[in-house]
Amino acid sequence: MPRRADPQPLSNAAARRIWLRAQRLDTRAPFAEGASAVADAVDHLGYVQIDTINVIERCHHHILFSRIPDYRRADLKQAQSTDKSVFEYWTHALSYVPSKDFRFFLPAMKAHKRDGHQWYASVTPADTRKIMRLLRAGPLTIRDIDDDVLTEKEHLWQSRKPSKRALQLAFYGGVATVSERNGMLKTYELMTRHFGWDKPPKPASASEQTAYLLDRALRSQGVVSLDSVCHLDAPSKKAVRRLIEARVRRKELIPLALEGAGKQEHWVRPELLEQVGDADPGLVHILSPFDPLIIQRKRTELFFGYGHRFEAYVPKEKRVFGYFALPVLVGDDIVAAIDLKTDRQNKKLLMQKWTWVGNGKKQAARKELKRRIEDELGRFERFQLAE
């Protein structure tokens, strides 16, 4: 039996820089501009999470803005509805994913179509026949259906409209897709008609799905752990571990002893260790709490020493950072969390609370940091208020 490779030590500082490069947060405009930039960003990141909270701009627009300085909301609409280079489906949450990766989501769609979905167990055959009849006639929004008899919710996020539940079940089963969004109003369309398919692509095999999960994480995270590859997807861990071990044996991955990680294993592609550079210290990013750099809270705390708290559902008296705090990345360090709110009626961005964290607590550097963050806040406000 070959000797197991000894983990190579890696500092937090180096790991941060590798992750920031993988996330494309170390340069000003890594994806150019327009709908093609949206497609390239979603392709590189693997997914961009969708969320309904709009205290500031919704997170899917915010995440793209953080990597596309000239981003416009119309660019995402074009990518989804006209170019059809991205589509919506579930990753660890509802997300935009690359259309070219469609076949990796087909096994989940087929399982939902065959077995149903636990959130929509109350959908009846009559509900399904009704929405399929309407969908075959053309694209459909929930506002086009006004004859539902409302029912009680079975879980917090469920609609009281049987037709909406049936539409969502058709979405999870891959029969329907979201062809357009106006705000959060979704237009549903038959999947095959939206993409112009006679039949959908061939589903990925189990081994292809495992490789997809690992390769997506290596591309967008740089340094990976089993938890980071399989975020909220524990059933995939066994197969992913086997693939990682095979790649380590082939010297395609190097095991790491990451500073502060204890016994938690991490891996990296060998070439990335040779490319560790410095992030642009002049770059400032006001990040969404759902940004891929932030959404895995334990990972963010390990790499940055910053424990983000999402406090929208926390009682006001128990909040530390505020209702909808946004981490502020300066260079390769998270230095502040600022709680913002967009006053759309009066066209201004409101500062609710500013909390210094990490190196931002150091008095000597604070004046210059504040100036740079305020400059970025001006750009961020213009994005918030743009049509």
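For Y96 and H60, the side-chain atoms include no donor-acceptor pair closer than 3.5 Å. If you check the side chains of K130 and S163, you find a donor sitting under 3.5 Å from an acceptor. With no hydrogens or angles considered, a side-chain donor-acceptor pair links S122 and R165 at under 3.5 Å. A donor atom on one side chain and an acceptor atom on the other are not found under 3.5 Å apart for S228 and Q296. Defined by atom type and a distance below 3.5 Å, a donor-acceptor pair is missing between the side-chain atoms of Q23 and Q221. When only modelled atom types and interatomic distance are considered, E301 and H308 share no side-chain donor-acceptor pair under 3.5 Å.
Enclosure of atom NZ in K238 is not indicated, since only 12 or fewer non-hydrogen atoms of other residues, nucleotides or ligands lie within 6.0 angstrom. Remark: K84 NZ is packed, more than 12 non-hydrogen atoms of other residues, nucleotides or ligands lying under 6.0 Å away.
Figure legend: cation-pi geometry between R299 and F303, with NZ or CZ positioned under 6.0 Å from the six-membered ring centre and within 45° of its axis. A cation-pi arrangement is present between K370 and W354, with the terminal nitrogen or guanidinium carbon under 6.0 Å from the aromatic centre and inside a 45° cone about the axis.
Once rounded to the nearest 0.5 Å, the distance linking NE2 of H266 with CG of L256 reads 8.0 Å.
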Does the pair E265 and L226 meet the rule for a side chain to side chain contact (heavy atoms under 4.5 Å, CB included), with working shown?
CA-CA 7 Å; E265 298 170 283; L226 203 55; over 6 Å; no
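Each of R319, M351, Q352 was compared with D339 under the side-chain contact (heavy atoms from CB on, under 4.5 Å) criterion, and only Q352 meets it.
The aromatic ring centres of Y212 and F104 sit less than 6.0 Å apart.
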